[in-house]
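These numbers come from a predicted model, not from an experiment. A note on names: the letters A, B, ... follow the listed sequences, proteins ahead of strands, and every chain is numbered from 1.
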Protein chains: 2
Amino acid sequence: MMPNTYQDTAEELIRKEGGRATGIRVKILALLLAQEQAVTHREIEARLIGQQPDRVTLYRVLQWLADKGLIHKITSDDRVWRFHVNHDAYLHQHAHFKCTRCAKVVCLDDLPTKRHLTLPAGYRFQSMELTVKGLCAQCV
Amino acid sequence: MMPNTYQDTAEELIRKEGGRATGIRVKILALLLAQEQAVTHREIEARLIGQQPDRVTLYRVLQWLADKGLIHKITSDDRVWRFHVNHDAYLHQHAHFKCTRCAKVVCLDDLPTKRHLTLPAGYRFQSMELTVKGLCAQCV
DNA sequence: CAATTCGCGCAACTTTGTTGCATTAGTAAA
DNA sequence: TTTACTAATGCAACAAAGTTGCGCGAATTG
């Protein structure tokens with residue numbers, strides 16, 4: 001289910017950022033590398049079988065990974081952060097999809113161009129967050 | 001600062017929805033009618049001078065107003081709901097702008113067309129939430 | 001192998017929002 | 001105006017998500 005490659009990749013990525021390759025850090029990042037969809041703090045906690053990690057540590061590891069740009073945090077309307085690995089395709093800004101039935105969140109490839117938007121006078125654009133809602137293939 | 005008209009309008013709108021024109025309901029909706037930008041629960045609490053409303057009541061009034069379509073809830077990355085009156089211009093779906101310095105949130109007029117988005121096969125579109133981030137005119 | 005210090009784990013706290021229930025106060029009818 | 005009905009309020013307690021402080025252990029470096 002989760003080959004060693006993920007563990008190895010995780011360790012390599014962490015070292016490349018100058019961090020210590022802690023057991024937990026490696027396990028968390030490896031787990032994230034193996035996920036298709038974005039996962040919540042709770043889901044990660046539940047899937048770290050065998051290992052029962054401290055909640056605070058998990059929060060801090062996730063924050064660290066996000067700060068280093070290895071993963072990204074996703075806002076949602078349920079006030080829960082979701083996390084997803086920054087694959088090459090997602091290094092740039094991209095939209096997210098959230099299923100209104102099963103609450104699954106996945107990353108979409110693109111973002112509509114910003115020139116379709118007009119901001120009030122004097123406002124400066126920095127970035128945009130787009131979440132598409134609907135039904136995923138399993139819930140349709 | 002807040003003419004009676006807002007109170008009167010608020011009372012009228014509430015009755016039109018079949019609700020009781022309670023003192024607090026009227027005051028809250030009147031306050032929202034007077035706001036340019038979207039406000040948080042906390043901000044409303046602070047601005048309801050003289051009246052020190054129960055937190056729970058405030059939450060319930062806001063939820064009721066949202067359920068009746070008189071206001072709308074806005075999601076944000078700081079896990080705090082913001083509320084804004086449904087003026088005519090905002091009855092349809094629209095985008096929101098959030099200032100990354102002062103955290104101000106305002107409603108934008110439009111939403112880019114959805115035809116620029118491609119969902120994975122089998123996924124069904126329902127709606128989209130777009131938040132533009134940047135600096136507002138005061139913070140530039 | 002020893003020293004350093006980064007990161008973990010525990011405890012306590014904060015913020016935001018919700019639920020249950022008794023009481024109050026709008027509203028409409030007498 | 002008074003009465004009766006019930007929607008809505010206010011209190012207390014709870015819940016979920018996330019944060020802060022701090023001592024200790026373990027990953028790394030020399």
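- Among residues two or more places apart in sequence or in another chain, the ring pair (Phe, Tyr, Trp, His ring centres under 6.0 Å) test is passed with A/H41 by A/Y59.
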Side-chain donor-acceptor pairs under 3.5 Å in residues 127-140 of chain B, sequence neighbours left out?
{"unit_1": "B/E129", "atom_1": "OE2", "unit_2": "A/K133", "atom_2": "NZ", "d": "3.0"}
{"unit_1": "B/K133", "atom_1": "NZ", "unit_2": "A/E129", "atom_2": "OE2", "d": "3.0"}
{"unit_1": "B/K133", "atom_1": "NZ", "unit_2": "B/D77", "atom_2": "OD2", "d": "2.5"}
{"unit_1": "B/Q138", "atom_1": "OE1", "unit_2": "B/K104", "atom_2": "NZ", "d": "2.6"}

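- Between the A/E17 side chain and the A/L13 main chain, no donor and acceptor come within less than 3.5 Å of each other.
- Nucleotide C/dT15 holds its C1' atom 7 Å from the CZ atom of B/R42, rounded to whole Å.
- The OH atom of A/Y59 sits 16 Å away from the P atom of C/dC8 (whole-angstrom rounding).
- Interface residues of residues 68-83 of chain B facing DNA chain D, ordered by number: B/R79; criterion, heavy-atom separation under 4.0 Å.
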Step by step, would you call B/I74 with B/W81 a side-chain contact (heavy atoms from CB on, under 4.5 Å)? CA-CA 6 Å; B/I74 302 170; B/W81 295 113; over 6 Å; no
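- In this structure, B/I28 CD1 and B/L58 CG are separated by 4.5 Å, a value rounded to the nearest 0.5 Å.
- Counting to the nearest Å, the P atom of C/dT16 and the CD1 atom of B/I44 are 13 Å from each other.
- Between A/E17 atom CD and D/dA27 atom P there is a gap of 20 Å when expressed in whole angstrom units.
- Listed for the A/Q35 side chain is no donor-acceptor partner under 3.5 Å among the backbone atoms of A/L32.
- The nearest whole Å value for the distance from the CD atom in A/E45 to the P atom in D/dG18 is 11 Å.
- Judged by distance alone, the side chain of A/T22 and the main-chain N or O of A/R25 form no donor-acceptor pair under 3.5 Å.
- Not a single donor-acceptor pair, N or O on each side, falls under 3.5 Å between the base of D/dG10 and the side chain of B/R55.
- You'll find that the side chain of B/W64 is closest to D/dA8, out of C/dT18, D/dA8, C/dC8.
- Over its length, the helix from C/dC1-D/dG30 to C/dA30-D/dT1 turns its helix axis by 30°, as judged from the five terminal pairs at each end, rounded to 10°.
- If you take CG on B/L31 and CD on B/Q7, they are separated by 9.5 Å, rounding to the nearest 0.5 Å.
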Across nucleotides 19-30 of chain C, 5' to 3', mark each nucleotide with B, S or - according to how protein heavy atoms within less than 4.0 Å reach it. BB----BBS---
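- Distance CG (A/L62) to C1' (C/dC8): 14 Å, rounded to an integer number of Å.
- Rounded to whole Å, atom C1' of D/dT9 lies 16 Å from atom CD of B/Q63.
- In this structure a side-chain-to-backbone donor-acceptor pair under 3.5 Å is missing from A/S76 to A/R79.
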Dump the intermediate steps for side-chain contact (heavy atoms from CB on, under 4.5 Å) on B/I24 and B/D54, then the final yes or no. CA-CA 10 Å; B/I24 290 208; B/D54 181 60; over 6 Å; no
Enumerate, atom names and distances included, each donor-acceptor pair closer than 3.5 Å involving a side-chain atom of residues 64-73 of chain A, sequence neighbours excluded.
{"unit_1": "A/D67", "atom_1": "OD1", "unit_2": "A/Q63", "atom_2": "NE2", "d": "3.0"}
{"unit_1": "A/H72", "atom_1": "ND1", "unit_2": "A/H84", "atom_2": "O", "d": "3.3"}
{"unit_1": "A/H72", "atom_1": "ND1", "unit_2": "A/N86", "atom_2": "OD1", "d": "2.6"}
{"unit_1": "A/H72", "atom_1": "NE2", "unit_2": "A/H94", "atom_2": "NE2", "d": "3.2"}
{"unit_1": "A/H72", "atom_1": "NE2", "unit_2": "A/H96", "atom_2": "NE2", "d": "3.4"}
{"unit_1": "A/K73", "atom_1": "NZ", "unit_2": "A/Q63", "atom_2": "OE1", "d": "2.9"}

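- In this structure, B/D54 places its CG atom 15 Å from P of C/dG17, rounding to the nearest Å.
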